[in-house]
Structures are given as C-alpha cells and as structure tokens.
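Beneath this line is the structure, given in structure tokens, with notes to follow.
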Amino acid sequence: MSEIAHALIVTGYILSVVLTLAALLTWMERKQSALMQDRIGANRASILGFRAIGLFHIIADSLKMFLKEDFVPARGVRLFHTLAPFISAFCALAIFACIPFGPSLPLGDTTVNLWIFDSDISLLYVLALGSLGIYGIFFAGWSSHNKFAYLGAMRGAAQMLSYEIALGISLIGLIMVYGSLSLNDIVHYQGRQLFGFLPAWGVFLQPLACLIFLTAGIAESKRNPFDMPEGESEIIGYFTEYSSMKFGLFFLADFIEVVVVAALVTVLFFGGWQVPYLQADGFQLPGGTHWELAPLAVGLIQVGAFCAKLFFFCWLQLTIRWTLPRFRYDQLMRLGWQFLLPLSIANILVTGIILVCR
Amino acid sequence: MAKPKLNLLERLYLPEILRGLLITTRHHFANLTVHILHRVGLAKGKRGAVTFQYPEDPRPVARRLRARHRLMKRPDGSTRCVACMMCETICPAHCIYIVADEHPDPRIEKRPKSFDIDLGICVMCGYCVEACPEDAIRMDTYITETSSFTREGMLLTLDDLMNHHNEDNFPKHTSS
Amino acid sequence: MDKFTVTINGHTIEAKPGQSVLQTALDNGIHIPHYCFHPGLPVAGNCRMCLVEIEGVPKLQIACGTTVRDGMVVWSNNDRVRQAVRHVLEFLLINHPVDCPVCDQAGECGLQDYYMLVGRYDSRFAENKVVKHKKATPIGRWVMLDQERCILCSRCVRFTREITKTNEMAIFNRGDHAEIDVFPGGELRNRYSANIVDICPVGALTCRDFRFRCRVWYLKQAPSICPGCARGCNIAIHFNPERPHHAGGRRVLRFKPRPNPHVNAFWLCDDGRYSYPFIDDHRLRFAALREEGGVRQLYLKDALDRLADWLRASRSGRTAYLLSADSSNEELFAARKLLRDALGVRCLLPDTGLRTGDADDFLICEDKHPNTRGARILFGLGENDPVAPDRLEAGLGAELPELLLVNRADLPSPLRDKLLAAGTRLVFLGTNDNATAAAAHLVVPLVVFAEQAGTFTNFEGRVQKFELAVPPLGDAAPEWSVHQGLAERLGIDLAFPGPAAIFRQLTAEVDAFRGLSHESLTPHGAMIRHE
Ligand code: SF4
Ligand code: SF4
Ligand code: SF4
Ligand code: SF4
Ligand code: FES
C-alpha cells in the first residue's frame, strides 16, 4: 500500500470518528442535560413519525444552519469575519493528526498505523495548535464591529492565554517522567506496570498534573464553568454577529475541542489505547495467568478501548458542564494564575526531586 | 444575607464538585434507566421526567385558572351582558371594546352591539370578571391556546365570546 | 344695617335676607344634599333630602324651604340629620329599580352620589317593588322617560310650567303609585325640552341622542360657547378622548349648559345643544387642489404656497373675501389685519344664517351665527350688512373678482356657477364639506371652535371665551394661523402667535374691545364698550 493511500485512509477514519462524535455530542449535550435535570430534552424532530429519541435534531439543526442567511455586519471586516470560524475549526481538527487512535494494526502483510504522523515534537505541535485557536476567537470578535463581540473576544483571549500557561507547565512533569514528546512513545510507556500490578498511566504517575490538565483543558475549550467568552445565556460573546454555517462551524469547533480534550487526557494520562494487562500477545494478568490472543484481536480491543475512553471523557466533560455554575471572571483569573500555575510549578519540582532521588 | 462559612474541605472545592457531580450523575442514570424500562414496557407508573409532553399531554390546570373569556347566555340564548361597560372601565389593559345598542325588550334595555376583547393586549387579570354586575363574563373556558398569526386574529368578537366552541374543554383535566 | 349672619355647621356666614338656608349654604361651598331644589326653579320642598337641624326648632326643617334669619344656627352634618337623610334616601329608593348597569345616568346620578355620601346601608326592603308603567318610553324628540327611576322631585314639572310655560309634564296618581308622565296623548313640544334631562337628578329622564353612546365617566369637559346662535349660551363640551370605538368615532358627544346668569341662566335650547355633530361629521381634514383632471389632496403648507401665489398675482384690488360670522374674534382680527389692511382685499359678510322669525322671547335668536356682532365691529360693517345671499352678487361689485376667498359659507348655486363661468378662482376656507367646497379650486381646512381657544361676541356685545376641547383633525388649522402663514409667504410683517396674544393686539387696536383680556372674561364674559 502506498504511503498516500495509507495516510488518506487513516485520516478518513480519524476524521469520521471525531466528527461523528462531535455531532453526536450536540445531541448528547441536550439529552444528557435533560436527563440530569429530570427533563426529556429534544425529541420533536421526526422523519415519517419516527423520532429516534431526538437524533434527527442533528440533521434538523444542520439543515437550519445551512439555510440561514449568512450575515456579515455592514462595517465588519468580511475577510477575517469569514476566516475566523475556519481557524477555530482547523486548529481543533488538526490536533488529531498526531493523536494515536490505536496501535499499529497488522493487516495481512502490511501494518496500519492509526495515527497520521508521529514525531518527536508531537506534544509541542498540540500545544502550538491549541494556542493558535485564539486567533479564531479574536478575529471573530474584532471583525464583527460589535462592542459586545469584541469584549467577548477579549475575555476569551485573556482566559485562553492564562490557562495555556498552566496547561503547558502541568505537562512538563509528565514529559520528565516519560522522557519523550512523542505521543506514541508516551502511550507505549504507559503499557508498563508500576509495582508489578498498577498500569503506569499518567494519572497514577502525575495525579496533580492530571487534575490541572483537565481543568485547564476545559477552560481552553471555553465550556462551563469557564464559558465567559460566550456566555450564551446572558453575557454576549464573540460570535454574536455570526449566523448560518459560520456560526455552525464555531459551534462544531466547540464540540471538537471537547473531543480534543478528551483525546489528550486519554493519551497523556489514561494510557491512550492501552488496556491494562493486555500485551501484544494477549492478556498477562499479575497472578501469572496468560490468555493468548491473535495480534489483530489485541489491536482491535485496543482501538475499542481508546474509543471507549474518549467517549467517557466526553461524557465527563458534559457532566461537569451541566453540574457546575459559571465562575465570575475574577474568580476564573484567580484560579488560573494563583492556583493552577503555582500548583503546576510545584508539581515540576516534586517530580524533579523524586526523579533525582530515585 | 450572611455568607455561610466554609470549612477547609469545602474551600478546596474538589470534594464539593465531586459531590455535585455525583448528584447529577445519579439523576442521569436513574432517569436513563427509567426511560429504558419504559421502552421495553416496564415501570410505567414511574415518571422519568417532570416534563409534560404538551400538546399531546396537556398539563393539569387549576380549577381557578383564568383562561380565555366567554360571555354567558340567558335561557333564550341571547347574551346576558347589558353593555354596562364596567369591564371596559376596569380593564387595566384597555383591551375591551364594547359598543352598546338598544335591546328590543325595554325590561332589558341595553345589550352589546359589538363586544371585542383583544387577547393580544389582555393581561388575564380577571378584573373584568370581578367587575361584571351581571355575571355575564367569565374566564372559565380553560382555553389557553389563543395564539394567532395576525393581530386581528387575537381579537375575540361577540360571536367568539358567546360560542366558544369548546364545551368539552371544561374541567376535563383539572386538578383542584 | 348690621351684618346679617347665619352659622352653618359651625361656619359663620354672611347671608342675604330672604334667601333660603340651602341657597346660602350652596353659595358658600357647603353642600347640603337636595333633589327637588334647583336654583333656576321655584321651591317645591317635596323630596325632604335637605333636612337640617336648626337650633331652637324642635323638628328637622327642609333647608330649601326655610328662609335665613339673623343669627340662625344650622347643622347639616350631625348624626341626627344624617340619620334622617339616610332614611329619606332609603324611602326614595324603595321602588327604585337600581338598574344602574343599563342606566345612562349612572356616573352623574344624584341617587348614586348621595348613596355614597349619606346612604351606604344594606337594603331592608324585602317586599315586591311597585312597578311603574313606562320603561324606556320616548316622550319627545330628545327625551326618554323611565318612570321607575323617577323620585318625583317635580323639577321637570316645574320646568315646563315656569320656564317654557308649556305644561307638558305632570305627576299622576297618588302614594306609591304616583308616576311622572306627559299628559295623555301629548309629548314634549317645547324647544328647550332637553333641559329636563339635565335637571332630572336621576335617570328617569335621559337623552335619546346620547343614549347608550358612551358612559359618562369616559367624558372630559371643556368650557365653551354654543355656536348655534347669536345668544352665545355658555356650554361645556363633553368629549370622549380615549375610546374612539364609542359613538362611531365621534369625539364630541354632547353639549351641556354652563350657568351664566347674564346670558342663559341654566338652560340651553335643543337646536344649539344638538348642533354638536358638525364638529366631527363631514369635516374637511386636508387641503385640496382642483386641477385639470381632478382634485388632488395636498399638505396645508403647499396649499398656502399656492394661495399666496394667487394673492400675489391678483393684488390689483380684484380679490374679495367673504367673512364668516362663525369665526372667533381672533380669527376675524387676523383676517382684518392681513386681508383688509395689508392686502386691501374687499371684505364682505354674507348672511347665510339668518332665519327670520325664528326667535323667541327666551334664548333663541334669529341670527344663527355666534359672532356676527364681532364681525361687524371688527370690519366696521354698516346697516346693510350682513349681505343677504340674493344681494351678494351686487355686493361683490360690478366686475366679478378674479380671486374669491370664501370662509365657510355655502354660496347660492347661481352665483357659484356664474363665478366659475367667469373664471374666478374660488378658494374655500372652511371646516365642513359643502357644495362650495366641492366646487372650489382650492380648499383650506380650518378648525372648528372646539379645536381652538378664542372669543365670540354675542348679539348684546358680551365677549365670551371658549377653550380648546379636542385637537385639530388632520391638517386643519385655525384661521389666524392660515393668515400668519400667508403673511410669511407674502413678506408681510404680521405675527399671530396664538389666541391670547391676538386678543391683546385686538384690544389695543379696536376701541370697542379696549380694556378686555382673555383673563377678564372668566367666568361670565364681559361687555364691550358701547360704540
Ligand atoms: S382579564 Fe383583565 S386585562 Fe383581560 S380583559 Fe379582563 S380586565 Fe382586561
Ligand atoms: S361588566 Fe358584564 S354586563 Fe357589563 S359590559 Fe362587561 S360583560 Fe357586559
Ligand atoms: S337613576 Fe341612578 S340609581 Fe337609578 S338606575 Fe339610574 S344611575 Fe342607578
Ligand atoms: S322625572 Fe326626574 S325631574 Fe321629573 S320628577 Fe321625576 S326625578 Fe324629578
Ligand atoms: S331639596 Fe328641599 S325638600 Fe327637596
């Protein structure tokens, strides 16, 4: 199989997983919030009387988005106004290029790698793209020629910059332990075991970093309780002047970011596609029991495990979003700069001391 | 209001957040289970949500609900209203428009030639009902669906008020 | 002579000897409930509502029938009196139907008012009411009778006996079967019949014209002068500003008399009272221009542009103006300043409202315009004016005018046709539509008297003020503002900033009006100086 065909197939696979999940999340968000609040949630869209527990709302919504007027404010800047949602969606999507969705699958005499590229700077690439996402927000606010959109963008940029730092620093401890910036290496490292029985997942090696990363990650994706930039219900946000599919892209980018955070948490802290005790040749339980499995079966289980973990963290983020009220802006800034940042720095120190003493 | 004093654990937020997550998650899965049971025809008596699936499943209304107006009739079917305009006078929204007319029977003397209520303006206060000396106007039709695509459509005329076409809408699903 | 005083409810009041206690109290702002007493009618003393306690007199006395004595001490508000009056009211209401919801009097009813003032008891009458014969029966062109509601105060009887001397009404039968009625086979035939609606303290006599049009509490009032004839009876305009769905959108719903001892006392003739519909019906709201191919509506300012052009073009003395005696003194004065003095226009007062022989010895005058006297004074018209319609053509001079401005009047159709045939430009300034307005080349809408403030001079020379009641309809403007607009367009230095200011100019310039001002005209108007 040629390199290009291989890359195309894997890209297709990853994109379909991510986009399906993102679309599904728009529905899940409503249904799950409804269940959590003893409601029923969206269930009215129907095709020939079938309601499919509200799943058709995804179609109805996208149809609506496509049919709406694409509006640009009279004194807005059309180029940037158009560019902004693309930047947002692109930055979120491009992160998946280096995320391993599974191990190398042996298919006949070839192997399929379920990642698009792997390199020594994957993690830097992820952080870099995450920071670039700010441009989407800022362009949107600025080009709308609307004070409220602009203020929303300012809040968004300030918030993302602040949490970017805590996010990056919290990962340093992890890198020190794993000794690599390649996500593949990181996942492989987590296949090991601590004390002979505990999977060497990031969450056990770096529990504090995990917490900080999750918090900062949610803040990065601008969702409750950190949704000041949008504040859809009362404070007006940066995409006030957006309609039609441009708004749809922002909306989608939001959910893609949820998947991004879920994927990163999985890869960095929860073993990626690793399943505890599952080695390349089958299960190897701590008691010495061995259960032989074909390499392909092992690979498929691991791909499934990755998807399950991804889904779980998406669910977790939705649950958090519908449980916690929004922070005040000063509380948000205080949390970012006065708690998360010092904690992540302390985390580096402690990690360093432990590594040196070992 | 005095702020409650938080102890260290509460101020750490994390345990409290976990507690919150637990509550919402419990609701989530309990309701999910009930819904799934409903799908397979079990646990019909237990509600998975407080939602009323309006309009198929209208909400029970209180007996004293003030809904769309109606005008009462005399035994001969003519209106009981004598166009005294007490309701028009008391109406805080100024949404009742009555034009009076001579009644053929001098013992009754007066009747409305036209009697319009603009539901688009009405605030459903019920003062008109209180003010009426003839018990001619009531708000007990239990008709709450009064929307229209036009402003004119919101205007109830004498005919609409006399024949509210919804006799079977009476206390059917009321709770007291 | 020493001061003559009485003490009523603790207030010591100077009184006129020979006056009744009730009148003395009313004149001094002390209200004693009363039904049968009316200041314009002889005293009957039959309702017993005005009972008062007089110190030294063992029984309660009726205030309307007791003459004041020096040093008399009267109480109308102590418990004994209140209780007695409450019982009188209870008796009066025994057979009363209390059908206030359908009664047009509700809101201005003596029974309602006094029930709230002194009554407020629960009915104790469990027996059957005596039902009278006539309910909602017309007894004349304007009056509706409801016998059940009558409290037999006999005001209406006294009115027809003493004021109109036509004696149509009487009280028939006795005891609780007594009822008010017109004589069998008769009906009200006097020209003041609607006054009994005003004086009837309850809803027994109501107005057929106003019947069910509007509830009285929706009405607002403005003091005004009746425009029906040269007498200038004082009226209150009752108008309905907020609920246009009543009475088919008419704003003014009735005229009521306003007492003025020098002019109309308490009364108003039926003709004047029911002349009000012209205020809302068939009004000219917008200017109109007749051109090739039809009539075009235009803004007032454009109409004035056009009129100014025409005036400029025919300044040669061949412009004439037909005044109107329906205009206020202020409007006439503005016309005089601009048209007569500045432009040298020939001004005539046509007489379209004289109904010879249609006068009586009470209020009604032959001249059906309210301000003929004012027009004559302001334009210095002589004995031959106003000009009768048949002499109008001669009055216009040998040559027919090039431009003729007609104020309100409807020209006789032969003259109109002749003018149009001769190529005269006909400009109609007026309030209501008529044949002349329909034929005119240009129509300028004016406001009626009720839509502006101003003064009329009645036939005796009494200058009386009226106030604005309702806002102008459409583009209609007061005549003085039309003249102001024309003066501006013609470059003539004249300012008419409003009725009060114009009246000041007028009194400064016209001898007959010297010394008057709008303020000095309340409440009863003032006489001009005799020429
Ligand atoms: S309910 Fe209230 S607002 Fe509505 S018509 Fe009656 S009085 Fe008016
Ligand atoms: S208060 Fe009653 S009787 Fe009077 S107009 Fe209204 S509905 Fe008719
Ligand atoms: S006369 Fe007065 S008390 Fe009698 S029904 Fe009429 S308003 Fe009511
Ligand atoms: S009709 Fe009126 S004015 Fe005449 S007696 Fe009766 S209450 Fe008096
Ligand atoms: S007012 Fe004196 S008795 Fe009627």
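Chain identifiers are assigned alphabetically (A, B, ...) following the order of the sequence lines, protein sequences preceding nucleic acid strands; residue numbering begins at 1 within each chain.
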Locate the shortest heavy-atom distance separating Arg107(B) from Val131(C); write the atom from each residue and the value. NH1-CG1, 3.6 Å
Quick check: are there more than 12 heavy atoms from other residues, nucleotides or ligands sitting under 6.0 Å from NE2 of His282(C)? no
Approximate separation, where rounding is to 0.5 Å, of Glu102(B) CD and Arg208(C) CZ: 9.0 Å
Would you say NE2 of His31(C) has more than 12 non-hydrogen atoms from neighbouring residues, nucleotides or ligands within 6.0 angstrom? yes
Locate the shortest heavy-atom distance separating Glu109(B) from Ala136(C); write the atom from each residue and the value. OE2-CB, 3.8 Å
Search all heavy atoms of Ile98(B) against all heavy atoms of His246(C) and return the closest pair with its distance. O-CE1, 3.0 Å
Report, as yes or no, whether the 6.0 Å neighbourhood of atom CZ on Phe91(C) holds more than 12 heavy atoms from other residues, nucleotides or ligands. no
For Ile96(B) and His245(C) the tightest heavy-atom approach is O-NE2, 4.2 Å
Side chain, backbone, both or neither: which part of Arg211(C) has an atom under 4.5 Å from a heavy atom of chain B? side chain
Please report the closest heavy-atom contact between Val102(C) and Val82(B), naming both atoms and the distance. CG1-CB, 3.5 Å
Heavy atoms, side chains only, cut-off 4.5 Å: are Met85(B) and Arg243(C) in contact? no
Tell me, yes or no, whether the heavy-atom count around Lys5(B) atom NZ, taken from other residues, nucleotides or ligands under 6.0 Å, exceeds 12. no
Heavy atoms, side chains only, cut-off 4.5 Å: are Cys84(B) and Arg215(C) in contact? yes
Assess whether atom CG of Asp135(B) is packed by more than 12 heavy atoms of other residues, nucleotides or ligands within 6.0 Å. yes
Who in residues 145-160 of chain C is close to chain B, using a strict under-4.5 Å heavy-atom cut-off? Asp146(C), Glu148(C), Arg149(C)
Could you check if a side-chain atom of Pro101(C) sits within less than 4.5 angstrom of a side-chain atom of Met86(B), using non-hydrogen atoms only? no
Give the minimum heavy-atom separation between Asp101(B) and Phe212(C), together with the two atoms involved. O-CD1, 3.7 Å
Given heavy-atom pairs under 4.5 angstrom as the criterion, report whether the side chain, backbone, both or neither of Pro106(B) touches chain C. both
Is Tyr13(B) atom OH crowded by more than 12 heavy atoms from other residues, nucleotides or ligands, each under 6.0 Å away? no
Do the side chains of Glu88(B) and Tyr218(C) get nearer than 4.5 Å, heavy atoms only? yes
Considering only heavy atoms and a distance below 4.5 Å, find which of Thr89(B), Asp116(B), Val99(B) pairs most often with chain C. Thr89(B)
Would one find more than 12 heavy atoms of other residues, nucleotides or ligands at under 6.0 Å from atom NZ of Lys129(C)? yes
Please indicate whether Asp122(C) has more than 12 foreign heavy atoms, meaning atoms of other residues, nucleotides or ligands, lying under 6.0 Å from its CG. no
